[in-house]
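Counting starts at 1 for both ligands and their atoms, in listed order.
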Amino acid sequence: MKQVISSLQAARAAYQPKLPKALQGPVVAVEGKPTESVGNQKEIKELFPNTYGMPVITFESGSQPVLEPFNVGIILSGGQAPGGHNVISGLFDGVKSLNPANKLYGFILGPGGLVDHKYMEITPELMDQYRNTGGFDIIGSGRTKLEEVDQFEKGIQILRELGIKALVIIGGDDSNTNACVLAEYYAAKKYGVQVIGCPKTIDGDLKNEQIETSFGFDTACKTYSELIGNIQRDCNSARKYWHFIKLMGRSASHIALECALQCQPNVCLISEEVEAKEMSLDDVVTYIAQAVADRALDGNNFGTVLIPEGIIEFIPAIKKLIAQLNDILATPEAQNLGRSEQIDFVKSHLTKDNLDVFNSLPTSVARQLALDRDPHGNVQVSLIETEKLLSTMVATKLDQWKKEGKYVGKFGTQHHFFGYEGRCAAPSNYDADYCYSLGYNASRLIANGKTGYMSIIKNTTQPASEWIAGGVPITMMMNLEKRNGKMKPVIRKALVELDGAPFKFFASKRDEWARQTAYVYPGPIQYWGPAEVCDQPTKTLQLEQA
Ligand code: FBP
């Protein structure tokens, strides 16, 4: 189906994303030393005998061997993130540059498309409609977990039928973990199909020494920051509301922190700090209420509060409760029950401490924690209205303080949840270039016969020509963690580091931002204009790399 396109989209379609210098011509793969996983080395090595210990790869200018024509498959997995189409266009251009007869097939609606044999060829005409656009709609995405042998075997049938030599899986930590399991399985079976991962997620939590940032984080944070800036202008104009703004990011608070660095709100909660300080829900509420009361002393009955959506899971008492709920829900008895029976079953199996916490939560929150899980076993935090929960509890506390003569202001509230608004935004120049490079680079990993690797692009705070392209073995990022009641090999999630430069900078400024009105209004993403306006990476990345 041909899309109806806006004039901005038409102008953006003509944008040629930048590539690192090394990828602008033929490459040679330079191998580093053998690697170890970040944790549980012995167990991970046993689980991945064919893909463990491989070296980190860096591409340098060199000569590319001439290859027979081959076909490649691509899957978009999990939540949308700006730049997905550019990974595909980079891969498309990369495989075509190796041999124009090469074909790229997209599996429809995520990993399920591979298993159910639903696919389409990505033709040049189709590709050209999606260059530099947001969204994953070219082939769609899905959250089916690829982890069963039966799925892998169904996958190999269609891969063979289509003559596919390599599969590229674009996903977050869970999807790349599954990509690695698939790579290992196909390697062990000597099926001759390579599997390459690409680091995607707006959450920003798929990063480590080798991966500077996951794609989409830059655009999503800039989109939310524009909206937060607009709210702050409104807030500072009317001066009558406290805006409680929940921001996506299932576990880590990277998005909230980046938006705080960009917008300088009055309050920004960081889940990792809440956990480290062992704060209770009441401590969190008191912290916000104090900021409200302090500003009221200056006559400022307005403000902004940023809340990471995963905060509830980081409050130690609730975290303990969720861990036990996960174990209870993983038992066969629990899985055969209806939803209302499950609640009773869960309650009858909780320890006294956990039951007390469970009973203290509003019913809707307790039900969310107890029942709804995504296919990877995660609590669906985006469905919990934490912004309303916290503002209601702050209002109760302020009423109490008013009675005690400790608070003199007025407390009107508005609520917002920014998540889906940013996940399909048209990629910023940074994400357009970064994603295109990740995809193009994946074609070079394939050409060099690699499997079980993730495509990586580093040095991205420098101009694109100086970016460094290569690959990291996925096993290197793994350790064992408990999932659905069992220890599983998974890529370690990167949470906000409290001794890292972005958090430290925020912590050094937040008291000033809390009391004063020090708002910054970042405005919309710009595509054309001076580099300091259009091409800046996130503040998080700039502080990390400084
Ligand atoms: P990924 O980790 O798959 O990229 O998705 C992250 C995310 O956008 C979270 O921020 C959010 O909690 C979740 O997806 C929402 O999931 P869904 O798209 O299924 O509603």
Side-chain angles (χ1 to χ4, degrees), residues 75-85 87 109-112 134-137 139-147 169-179 197-208 211 213-224 227 245-259 270-272 306-314 322 365 368-369 371-387 416-425 427 431 434-435 438 454 477 481 483 490-496:
I75 295 177
L76 291 164
S77 179
Q80 286 70 255
H85 290 156
V87 180
L109 287 175
F136 279 6
D137 44 321
I139 49 174
S141 185
R143 291 199 184 273
T144 302
K145 277 184 85 159
L146 273 186
E147 57 171 9
I169 300 184
I170 301 178
D173 51 344
D174 286 328
S175 307
N176 275 288
T177 296
N178 294 159
C198 260
K200 169 235 69 170
T201 177
I202 59 161
D203 293 3
D205 56 8
L206 178 47
K207 65 172 175 180
N208 48 49
I211 300 174
T213 186
S214 53
F215 81 73
F217 176 70
D218 183 90
T219 309
C221 288
K222 285 174 180 160
T223 306
Y224 304 141
L227 298 173
I245 307 167
K246 183 173 77 162
L247 291 158
M248 257 194 187
R250 191 202 327 268
S251 285
S253 308
H254 298 293
I255 294 180
L257 178 57
E258 172 63 23
C259 292
I270 300 294
S271 308
E272 291 82 346
L306 305 191
I307 304 158
E309 72 170 350
I311 194 160
I312 202 96
E313 283 190 289
F314 283 77
I322 292 173
V365 177
Q368 276 298 334
L369 291 185
L371 297 182
D372 292 318
R373 294 289 184 280
D374 75 5
H376 295 276
N378 301 306
V379 173
Q380 290 183 280
V381 282
S382 61
L383 301 178
I384 301 175
E385 293 186 313
T386 339
E387 68 284 20
H416 316 266
F417 170 33
F418 297 146
Y420 300 99
E421 292 80 351
R423 293 204 312 186
C424 283
D431 269 328
Y434 182 54
C435 293
L438 283 170
M454 210 184 292
M477 297 175 270
E481 286 173 26
R483 294 290 162 91
V490 291
I491 294 175
R492 187 181 277 173
K493 228 182 234 313
L495 300 178
V496 168

Protein residue, atom and distance nearest to atom 19 (O) of ligand 1, heavy-atom basis: Arg143 NE, 3.0 Å
Under-4.0 Å heavy-atom contact with ligand 1, by part of Thr201 that carries it: both
Atoms in ligand 1 flagged as close to Gly249, the criterion being non-hydrogen separation under 4.0 Å: 10 (O)
Region of Tyr420 that comes within reach of ligand 1 [heavy atoms, distance under 4.0 Å]: side chain
Atoms of ligand 1, numbered as shown, that sit under 4.0 Å from any heavy atom of Lys200: 1 (P), 3 (O), 4 (O)
For Glu309, atoms of ligand 1 separated by under 4.0 Å from a heavy atom: 9 (C), 10 (O), 11 (C), 12 (O)
Side-chain (Thr223) to main-chain (Gly422) donor-acceptor, under 3.5 angstrom: no
Region of Gln80 engaging ligand 1 - heavy atom pairs below 4.0 Å: neither
Heavy-atom nearest neighbour in the protein, as seen from atom 7 (C) of ligand 1, with distance rounded to 0.1 Å: Arg423 NH1, 3.7 Å
Check ion pair Asp174-Arg483 (N to O, under 4.0 angstrom): yes
Subset of ligand 1 atoms that lie under 4.0 Å from at least one heavy atom of Gly78: 3 (O)
Contact atoms of ligand 1, heavy-atom distance to Gly79 under 4.0 Å: 1 (P), 3 (O), 4 (O), 5 (O)
